[in-house]
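Here the structure is laid out as structure tokens; the discussion comes afterwards.
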2 protein chains.
Amino acid sequence: MAEQTEEAQPRVILGIDPGTVVTGWGVVQAIGSTLRHVGHGTVNASPAEPQAKRLSRIYQALSKVLLEFHPDSVSLERVFFARNVQSALKLGQARGVALLAAAEHGVDVHEYSAVEIKSAVVGFGHATKQQVQMMIGSLLRVADRVPVDAADALAAAICHLNRQAFESRVADALPKRATPLLPRGTSAR
Amino acid sequence: MAEQTEEAQPRVILGIDPGTVVTGWGVVQAIGSTLRHVGHGTVNASPAEPQAKRLSRIYQALSKVLLEFHPDSVSLERVFFARNVQSALKLGQARGVALLAAAEHGVDVHEYSAVEIKSAVVGFGHATKQQVQMMIGSLLRVADRVPVDAADALAAAICHLNRQAFESRVADALPKRATPLLPRGTSAR
């Protein structure tokens with residue numbers, strides 16, 4: 001009984017796709033197995049602005065989103081590759097303020113690989129950004145075209161919800177006192 | 001006359017050396033050509049803590065320092081190299097929250113290369129961390145040994161003060177209505 005109540009409780013996940021030029025965000029709510037689009041947006045940084053000012057803009061925007069939607073968790077892509085050290089440093093700076101915004105609002109962070117995130121919405125780990133964008137529109141029944149960076153963020157949110165639902169089904173199928181077979185959604189280290 | 005008054009006004013610079021494990025900070029005050037050590041410290045992150053929590057610790061500590069010492073500017077090392085993409089990403093995250101802390105407190109950020117920073121205190125761009133540490137102790141008359149990361153931060157602060165003093169001397173030597181010959185301390189882009 002307890003599991004069913006837990007299952008029915010809506011969960012709200014904020015996906016973030018941090019970037020040096022565009023940072024996308026998207027909020028998805030799951031009620032049982034139904035996904036509902038709550039909101040999405042992008043934060044655009046002008047290359048003319050000093051770096052610190054741009055990071056501040058990302059931080060302020062994400063803090064506003066966290067305050068408005070009160071997500072249960074934040075989900076974002078784990079990065080393994082970058083064009084070079086300079087782009088990794090800049091991407092790291094944007095990720096840093098996104099992680100900080102989550103921490104400052106007491107929301108835990110989960111990270112998934114690009115393949116896991118794409119597979120969650122397209123069923124194919126090497127899908128293009130446009131394929132993800134198209135499927136997000138269809139899955140979440142959003143009439144207007146979602147910007148690619150926001151679509152990536154919504155995909156990260158759906159990926160975390162799928163993982164949670166899968167873990168919950170596995171837990172239900174196991175004898176009540178057994179320890180879980182799967183590691184819980186890897187938290188950001 | 002106006003220039004002399006400006007010259008005599010104390011300037012307070014916060015140097016920051018962001019790092020994934022240890023972040024150093026140091027505050028230096030310049031009254032005319034006299035440098036005074038105001039404070040320094042380090043923020044240590046435990047590898048056992050989630051990344052977001054560690055970034056939050058750095059941000060909170062630097063925010064406290066910014067509130068306490070009201071620096072006129074923040075100075076930090078511009079990074080060109082990193083061991084690999086993963087370490088560049090992690091270093092970027094720490095830099096991101098340091099830059100953000102400065103922006104959130106309305107303090108402008110200046111960046112200098114490692115060679116410029118080391119040259120400012122050791123007169124030799126390829127000095128070791130220990131040489132920088134020793135010279136910082138001697139230059140700022142600090143009796144106790146300053147941790148290497150805090151010494152690097154103090155060196156960044158001194159580097160910015162030197163640059164400002166040099167630019168001010170160049171400006172004084174020029175005919176009054178001429179445009180400055182040198183670009184002003186490169187601001188973080």
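The structure displayed is predicted, hence computed values, not measured ones. Per chain, numbering begins at 1; letters A, B, ... match sequence-line order.
- Annotation for B:Lys129: atom NZ counts as buried by contact number, over 12 foreign heavy atoms lying within 6.0 Å.
- Between B:His160 and B:Asn162, the side chains place no donor N or O within less than 3.5 Å of an acceptor N or O (distance only, hydrogens not considered).
- Neither the backbone nor the side chain of A:Ala102 comes within contact range of chain B; no heavy atom of the residue lies under 4.5 Å from a heavy atom of that chain.
- When the candidates A:Leu55, A:Leu100, A:Val85 are compared by the number of heavy-atom contacts under 4.5 Å with chain B, A:Leu100 comes out ahead.
- Checked by atom type, the side-chain pair B:Gln164/B:Arg11 shows a donor-acceptor distance below 3.5 Å.
- For the set B:Gly92, B:Ser87, B:Gly96, the count of heavy-atom pairs under 4.5 angstrom toward chain A peaks at B:Gly92.
- Side-chain contact, A:Thr20 with A:Gln93: no donor N or O sits under 3.5 Å from an acceptor N or O.
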